[in-house]
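Everything on this sheet refers to the single structure shown next.
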Amino acid sequence: MHMTFTVAVAGASGYAGGEILRILLGHPEAKIGALTAHSNAGTPLGSHQPHLRSLADRMLAPTAVDELTGHDVVVLALPHGASGELAAALADRGDHAIVLDLGADHRLTDAAAWQEYYGSPHAGTWPYGLPELLHAGEKTAAQQRAELASARRIAVPGCNVTAVTLGLQPGVAAGVIEPTDLVAVLANGYSGAGKSLKTHLLASEALGSAQPYAVGGSHRHIPEIRQNLAVAGAPDVTISFTPTLVPMPRGILATATARLVPGTDPATVRAAWQEAYADEPFVQLLPEGEWPSTAATLGANTALVQVAVDERAGRVVTVTAIDNLVKGTAGGAVQSLNLALGLPETAGLAQDGVAP
């Protein structure tokens with residue numbers, strides 16, 4: 001199927017904007033349109049994304065509705081809280097583009113949870129861009145893909161959310177873990193913190209150091225994780241979530257554990273993960289005894305997952321590795337866009353990482 005589409009990217013000078021441009025440049029049907037930025041408007045893209053040589057001379061326009069209208073697809077790679085107003089303005093113009101929000105503005109279904117964690121009015125809820133999301137009673141993610149087919153608005157998940165959801169949801173859907181005692185500890189690359197100039201993000205502070213952040217239930221991805229596991233069939237979700245910045249530029253290694261439902265044997269546990277991901281193009285359950293690493297996912301839209309049972313502790317342990325900028329953000333967005341456009345889900349997306 002041949003159907004060229006034009007894409008405008010708002011926030012093209014940031015990490016997420018640059019990564020979706022890198023992926024779209026390799027997409028067989030995508031044509032890059034307007035590129036916009038806020039404080040970096042009026043400068044060439046190459047001064048912010050020097051690796052994107054084919055677009056280096058393109059000048060960044062101001063992020064305004066007039067620049068974004070008239071495209072088939074609009075990508076909003078903007079800070080949290082900035083997408084809602086711009087998306088509403090596009091709708092008011094009668095623009096018919098598919099809009100991908102890489103920020104958090106349209107992910108949550110619970111307006112009160114948004115207000116609690118983000119402190120601003122809720123912009124509304126869009127179809128959720130995680131094609132592999134299981135729904136209660138499902139063994140595969142057919143319903144989520146059906147919801148994304150022909151969607152005109154897509155809320156792209158948070159990167160941490162993607163890693164934790166993919167790690168735990170098969171156990172929730174199969175009823176082999178108890179979702180009221182979940183613990184997730186993540187090792188996160190610094191690109192997940194964005195490009196803003198902050199002292200603790202400087203190389204002199206970060207190299208040779210690991211530092212936790214948003215500790216004690218304050219991270220904004222918590223309600224989104226709870227929402228996804230509820231979709232997978234959990235009647236209630238309680239999770240202790242602790243991300244940690246480690247000295248690598250990109251990647252997430254998420255270790256998530258849950259209490260094993262009494263009487264469940266390890267073979268049944270593994271079978272739940274095998275069944276959920278057997279036919280997934282981008283989520284792979286590794287052979288027993290083989291563990292995920294972030295290095296194996298760099299540049300790929302692939303999530304590597306492993307599951308084990310700690311019988312002495314009575315817990316299930318999952319480890320998931322993703323590239324936070326690819327499967328965690330831009331790659332997941334393009335995967336969902338392919339579904340919305342009726343294209344092959346894998347179009348323009350790499351399954352193989354970059355080594356070493």
### Task
Report the C-alpha separation of H135 and Q144 in whole Å, then their side-chain angles, then the decisive distance to 0.1 Å, and conclude whether the side chain to side chain donor-acceptor pair (under 3.5 Å) test is met.
CA-CA 7 Å; H135 288 239; Q144 191 64 23; 2.7 Å; yes
### Task
For the pair R107 (side chain) and W126 (backbone), establish whether a donor and an acceptor sit closer than 3.5 Å, ignoring hydrogens and angles.
no
### Query
Hey, any chance L45 and L68 share a hydrophobic cluster, counting ILVMFWY side chains that come within less than 4.5 Å of each other, even indirectly?
no
### Message
Can a donor-acceptor pair be found, under 3.5 Å and without considering hydrogens, that links the side chain of D105 to the backbone of G84?
### Response
yes
### Message
Donor-acceptor check, side chain of T329 to backbone of V326, threshold 3.5 angstrom: yes or no?
### Response
no
### Task
Report the residue from N160, T320, N228 that forms a side chain to side chain donor-acceptor pair (under 3.5 Å) with T165.
N228
### Task
Please lay out, stage by stage, how D72 and K31 fare under the test salt bridge (Lys or Arg N to Asp or Glu O under 4.0 Å).
CA-CA 10 Å; D72 300 310; K31 180 179 179 181; over 6 Å; no
### Query
Who passes side-chain contact (heavy atoms from CB on, under 4.5 Å) against T264, sequence neighbours left out?
V176, L260, V261, T268, V269
### Summary
side chain to side chain donor-acceptor pair (under 3.5 Å) filter on E67, not counting sequence neighbours, yields none
### Message
Ignoring hydrogens, what is the shortest heavy-atom contact between T162 and P157? Give both atom names and the distance.
### Response
OG1-CB, 3.6 Å
### Message
Tell me whether the rings of H122 and W114 are parallel (<30°), tilted (30 to 60°) or perpendicular (>60°).
### Response
tilted
### Task
Provide the closest heavy-atom pair for P281 versus E345 in the form atom of the first, atom of the second, distance.
CG-OE2, 4.4 Å
### Query
Between the side chain of D323 and the main-chain N/O of G299, is any donor-acceptor distance below 3.5 Å?
yes
#### Entry: F241 side chain reached by V183 side chain, heavy atoms, under 4.5 Å
no
### Message
Between Y117 and H221, is the ring pair (Phe, Tyr, Trp, His ring centres under 6.0 Å) condition met? List the steps.
### Response
CA-CA 9 Å; Y117 279 84; H221 285 172; over 10 Å; no
### Task
Quick one: pull up CG in L130 and CD1 in I154 and give me the separation to the nearest 0.5 Å.
12.0 Å
### Side-chain heavy-atom pair R22, L325 within 4.5 angstrom cut-off
no
### Message
Please give me the minimum heavy-atom distance between L60 and S13, naming the atom from each residue.
### Response
CD1-CB, 4.0 Å
#### Entry: Common cluster, V7/L102, ILVMFWY with side-chain heavy-atom separation under 4.5 Å
yes
### Query
Do L339 and L134 share a hydrophobic cluster (ILVMFWY, side-chain heavy atoms under 4.5 Å, transitive)?
no
### Task
State whether the side chain of S191 and the backbone N or O of P249 hold a donor-acceptor pair below 3.5 Å, judged by distance alone.
yes
### Message
Do the side chains of D181 and R315 get close enough for a salt bridge, i.e. N-O under 4.0 angstrom?
### Response
yes
### Query
Under a single-linkage definition using a 4.5 Å side-chain heavy-atom cutoff for Ile, Leu, Val, Met, Phe, Trp and Tyr, are L35 and L52 assigned to the same hydrophobic cluster?
yes
### Query
In Å, rounded to the nearest 0.5 Å, how long is the span from CD of E138 to CD of Q169?
9.5 Å
### Message
Contact between L337 and I98 at the side-chain level, heavy atoms closer than 4.5 Å - yes or no?
### Response
yes
### Message
Using every non-hydrogen atom in the two residues, find where A87 and L76 come nearest and quote the distance to one decimal.
### Response
CB-CD1, 4.2 Å
### Query
Can you tell if the side chain of E224 reaches within under 4.5 Å of the side chain of Y128, non-hydrogen atoms only?
yes
### Task
Tell me, yes or no, whether the heavy-atom count around D279 atom CG, taken from other residues, nucleotides or ligands under 6.0 Å, exceeds 12.
no
## Note on the structure
Heavy-atom nearest pair, P292 first then L286, reads N-CD1, 3.5 Å
#### Entry: Sidechain N-carboxylate O distance under 4.0 Å for E132, K327
yes
### Message
Tell me every residue that passes ring-ring contact (aromatic ring centres under 6.0 Å, His included) with F5, counting only those two or more places apart in sequence or in another chain.
### Response
H27
### Message
Can you tell whether the side chains of R153 and D101 come within less than 4.0 Å, N to carboxylate O?
### Response
no
